2 protein chains.
Amino acid sequence: MMSAAEQEAGRRRRGRRTVNSELGPAGVDTLLAASIEVMSEHGYHGTSVRDIAHRAGVSPAALYHHFPSKHDVLVTIMDRGIEELLERTGEALSAAGPRAIDQLCGIVDVHVRFHLEDQHGTMLGTSEVRALAEPFRGEHLAKRRKQQRFFDRVLLGGTREGVFHTAYPRDAARAIVVMCTGVASWYRPEGPHSRTEIARRYQELALDLAGRRIG
Amino acid sequence: MMSAAEQEAGRRRRGRRTVNSELGPAGVDTLLAASIEVMSEHGYHGTSVRDIAHRAGVSPAALYHHFPSKHDVLVTIMDRGIEELLERTGEALSAAGPRAIDQLCGIVDVHVRFHLEDQHGTMLGTSEVRALAEPFRGEHLAKRRKQQRFFDRVLLGGTREGVFHTAYPRDAARAIVVMCTGVASWYRPEGPHSRTEIARRYQELALDLAGRRIG
DNA sequence: ATCGTAACTGAACAACTGTTAAGGAGCTCG
DNA sequence: CGAGCTCCTTAACAGTTGTTCAGTTACGAT
């Protein structure tokens, strides 16, 4: 007969392989990865603590060793996500230099790549804001507005610079963010185009939306 | 002491006023309207049958007089929505005539207006596809692809016609749909712009995405 | 060897879930 | 009148929910 410890170790290993490809501290990170997988498929309310635990290969109670509540798991995922996006966007903006065209290409590249690489996490992030309780909801929305303002500034700057000719820079900025965010909901890794190619195309589409004249 | 009938009538009247502004058959339509309101706020799984019934001013069991299940309520809402969108899009396309520019303006106008007028319903429609069970999910996705194909055809047609110059007509078509669908998630009736004005602007943005040259 | 602690377990909790059963009020029609 | 129908009720059902609790195991430090 197999000992409880052997059973348990086996279960954990299996859990790790599914979610985490065999390494890592297997605690918080495994649970977060499992949560992202299963929540992005069925939504926050459509996912039970037992679903998460089963996917992670642990018991339901194990989740409460690492997080105070199911809600806190969501908060952690959403906050890590938006924070990384903000950081990467800021970096891209610094690296782009002073020209609005370069800036727009830079932040669109980051935005698209981020939503392609962390497809499930970002889908959670965009669809489950409503599941956040206050004050986390308010804080998260503030960070989203901050991210939006990056795009607003680039569009308005380019308009003043005279390189963007759209009559509605704010609407164009919002449209660009929405369209780049949207890639997470249709992208399939087995599709015909590489992530790099998709990012390149969206830079072009964003420039069109900004009203860059050809010539 | 108030009779049960009086209590009940009062409750129903209150329910109607909240949801339906006092008229209508108060049965199926009231329940659907209540479902759209509360489900668009908390999502399908975040909404209980008791939540819906309470908003509609009836008992939880009343829902099962009109629908076989909670899931069927969602199916009804989503199907009515996509069917009306398809119909309106088809009409707009016929009314637009042969030129791709007019066609694009027509279907963008319909798409934006539809998502502004039925804001809550369309938000449900875009976010809760995952809550649909088979075979309804498959059927609904087929209708969504049909709607997408309207835009694909217009973009490809305009490219062949030589009036649209985007290098990526299919990506542009998807981006246009996504950006028009997105209005439902940020629009507030008390905002600075009328629905007509927003629709007009999005026609402009769509033409930019399509790569219509100025001049 | 023993202590401490991090990581986890199975079993239980009350609350809530979708759904059903049985019945009553109000209406129309013969 | 009363049969039949629509629309709705209260009360209950079994299953699931998030969460807690008391205990167990693995393991590095003393």
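Below, chains carry the letters A, B, ... as their sequence lines are ordered, and counting in each starts from 1. If you're wondering where the values come from, they're calculated on a predicted model, not measured in any experiment.
Of the listed nucleotides (C:dA12, C:dT9, C:dT17), C:dT9 has the atom at the smallest distance from the side chain of A:Ser59. The side chain of B:Ala61 lies closest to D:dT9, out of D:dT9, D:dG18, C:dT19. Distance from the side chain of A:Val58 is smallest to C:dT9 among D:dT9, C:dT9, D:dT19. Here the side chain of A:Ala62 is nearest to one of C:dT17, C:dC8, D:dT19, namely C:dC8. Candidate nucleotides D:dC8, D:dT17, C:dA6 were compared by shortest atom distance to the side chain of B:His65, and D:dC8 ranks first. Comparing D:dT9, C:dT19, D:dT20 by their closest approach to the side chain of B:Lys70 singles out C:dT19.
Proximity of the aromatic rings of A:Tyr202 and A:His111 is defined here by a centroid distance below 6.0 angstrom, and this criterion is not met.
Two residues are said to be in side-chain contact when any heavy atoms from C-beta on lie closer than 4.5 Å; B:Phe114 and B:Gln119 fail this criterion.
The nearest whole Å value for the distance from the NE2 atom in B:His45 to the C1' atom in D:dT17 is 14 Å. Note: OH (B:Tyr64) to P (C:dT20) measures 7 Å, nearest angstrom. Straight-line distance from the CD1 atom of A:Ile52 to the P atom of D:dG18: 8 Å, rounded to whole Å. Remark: P of D:dG18 and OH of A:Tyr44 are 8 Å apart, rounded to the nearest angstrom. Atom NE2 in A:His54 sits roughly 14 Å away from atom P in D:dT16 (whole-Å rounding). When the C1' atom of D:dT19 is taken as reference, atom CG of A:Asp72 falls 14 Å away, rounded to whole Å. In this entry the distance linking CZ of B:Arg50 with P of D:dT17 reads 15 Å, nearest Å. Distance A:Leu63 CG to C:dC8 P: 11 Å, rounded to the nearest Å.
Side-chain contact of A:Arg113 with A:Thr196: a donor-acceptor pair under 3.5 Å is present, judged by distance alone. Remark: the B:His140 side chain and the B:Arg144 side chain contain an N/O donor-acceptor pair separated by less than 3.5 Å.
A salt bridge does not link B:Arg174 to B:Asp152: none of the charged nitrogens lies less than 4.0 Å from a carboxylate oxygen.
Phosphate proximity of D:dT16 to A:Ser48: absent, as no side-chain N or O sits under 4.0 Å from OP1 or OP2.
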